Amino acid sequence: MFKVVVTDYEYKSLATEQEVLKTIGVELTTAQCRTEEDVIEACKDADGLLNQYAPITRKVIENLKNCKVIARYGVGVNTIDVAAATEKGIIVSNVTDYCIDEVSDHAFALLMSAARKVVRLNQAVKEGVWDFNVGVPIYRLRGRVLGLVGFGQIPQALAKKAQAFGLQVVAFDPFVHEELAKQLNVQLVSLEELCKQADYISVHAPLNEKTTGMITTAQFNVMKQEAFIINTARGPVIDEKALIKALQEGKIAGAAMDVVEKEPIQKDNPLLKMDNVILNPHIGWYSEEAQEELKRKTAQNVVDVLSGYYPKYFVNHSLKEQLELK
């Protein structure tokens with residue numbers, strides 16, 4: 001019997017995972033690990049891990065005796081030291097397609113809320129102020145420019161939705177071919193050019209060493225004064241101190257953030273007191289359907305590997321040269 005450990009989770013139930021894993025006779029163990037030591041203690045003899053936010057560092061990986069697969073709940077794998085896992089021959093998997101509609105919808109909802117000052121006006125009315133001037137100025141959406149930082153599946157879906165509202169779309173992504181962008185009627189530009197052109201900037205880059213802090217003072221300094229920045233990716237992609245400074249100095253019009261640098265947001269974070277900032281608690285990925293799909297596919301990745309197959313969602317592909325799986 002295989003031992004699989006859920007390192008940590010926020011779900012009400014793990015019935016979906018248990019249903020998938022029982023097909024190969026897995027003993028599912030649950031934990032709520034917060035530290036490296038917690039993970040090592042709970043997972044040292046596990047054959048597979050299901051991971052949400054607990055740190056799967058090099059130290060943790062070096063102490064995993066039997067582990068063959070680490071499956072992440074989500075698209076990003078920033079909780080896992082992928083290089084260390086690869087060195088030890090452990091497959092890392094994720095789920096790249098479970099919330100394409102949810103996140104692209106949420107990003108556009110944040111864009112619309114920022115553009116039309118929906119949250120600010122709602123709060124004013126509830127405080128007894130019935131005056132459209134609270135939202136002044138508001139600009140027409142049609143003909144304005146949306147800049148996408150990253151152009152994977154989610155921003156590609158967002159581009160189509162935004163174009164239906166008359167927005168022109170530009171994107172920055174050094175890994176995307178020009179031909180794909182042309183097919184979607186999107187112009188590829190440099191990050192600097194995007195920041196100069198865009199009225200709305202939506203961040204969709206994965207978090208890694210190269211993207212951490214990629215939107216910082218230099219980028220804010222060239223943005224339009226009426227520009228809004230939206231982030232449904234990962235908080236640290238934006239240098240939060242630089243963002244706060246840009247907002248305080250009026251260099252940009254506002255921000256709509258589903259993610260922040262440190263989650264949950266700290267009570268003394270200046271963003272909490274800014275009327276031109278919309279904050280959500282990292283919910284862009286969520287719908288009942290998306291959550292069910294994520295849980296099922298994450299568990300299936302573990303089942304695939306422990307059954308002798310490569311998983312459908314395979315992060316460290318270089319292991320194909322070492323492992324003899326089907």
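Because the structure is predicted, anything quoted here is derived from the model rather than measured.
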Could you tell me if [Y] and [X] have a donor-acceptor pair between their side chains, going purely by distance under 3.5 Å?
X: T16; Y: E292; answer: yes
X: N221; Y: K251; answer: yes
X: S104; Y: K161; answer: yes
X: N51; Y: T79; answer: yes
X: N269; Y: E240; answer: yes

Summary of ring pair (Phe, Tyr, Trp, His ring centres under 6.0 Å) pairs that have at least one residue in residues 73-111, sequence neighbours excluded: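 Listed by first then second residue: Y11-Y73, F108-F165.
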
Linked hydrophobic residues, V125 as query - side chain contacts closer than 4.5 Å: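 Via sub-4.5 Å side-chain contacts, V125 links to W130.
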
Whichever hydrophobic residues join V77 through chains of side-chain contacts under 4.5 Å: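 The other cluster members (ILVMFWY side chains, heavy atoms under 4.5 Å, direct or chained) are V5, V39, I40, L49, I56, V60, I61, L64, I70, I80, V82, I90, V92, V315.
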
Electrostatic pair D97:K297 at N-O distance under 4.0 angstrom: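 A salt bridge links D97 with K297.
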
Lys NZ or Arg CZ of R144 over Y139 ring: under 6.0 Å, within 45°: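 Output yes; distance and angle both within limits.
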
Stacked cation flag K326 on Y310, 6.0 angstrom / 45 deg: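 No, a cation-pi geometry is absent between K326 and Y310.
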
Other residues, nucleotides, ligands: >12 heavy atoms within 6.0 Å of Q322 CD: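 Atom CD in Q322 is crowded, with more than 12 foreign heavy atoms closer than 6.0 Å.
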
Residue E41 excluded, over 12 heavy atoms near CD under 6.0 Å: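 Check fails, neighbour count at 12 or below.
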
Check against side chain to side chain donor-acceptor pair (under 3.5 Å), T298 and E17: CA-CA 8 Å; T298 304; E17 291 88 332; over 6 Å; no

Side-chain heavy-atom pair S202, H204 within 4.5 angstrom cut-off: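 S202 reaches H204 side chain to side chain.
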
T232 and V259, any side-chain heavy atoms less than 4.5 Å apart: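 Counting from C-beta outward, V259 and T232 never come under 4.5 Å.
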
Between CD1 on residue I252 and CD on residue E226, distance to nearest 0.5 Å: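 With rounding to 0.5 Å, CD1 (I252) is 11.5 Å from CD (E226).
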
Contact summary for I229 and M257, nearest pair of heavy atoms: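 What the structure gives for the nearest pair is O-SD, 4.3 Å.
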
Audit row: M223, I215, side chain to side chain contact (heavy atoms under 4.5 Å, CB included) steps and yes/no: CA-CA 11 Å; M223 289 180 191; I215 308 292; 4.1 Å; yes

Donor-acceptor pair, side chain of N301 and main chain of D304, under 3.5 angstrom: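 No; judged by distance alone, with no hydrogens or angles, the pair does not exist.
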
hydrophobic_cluster_shared for L184 and V189, side chain cutoff 4.5 Å: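 No: no chain of side-chain contacts under 4.5 Å links V189 to L184.
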
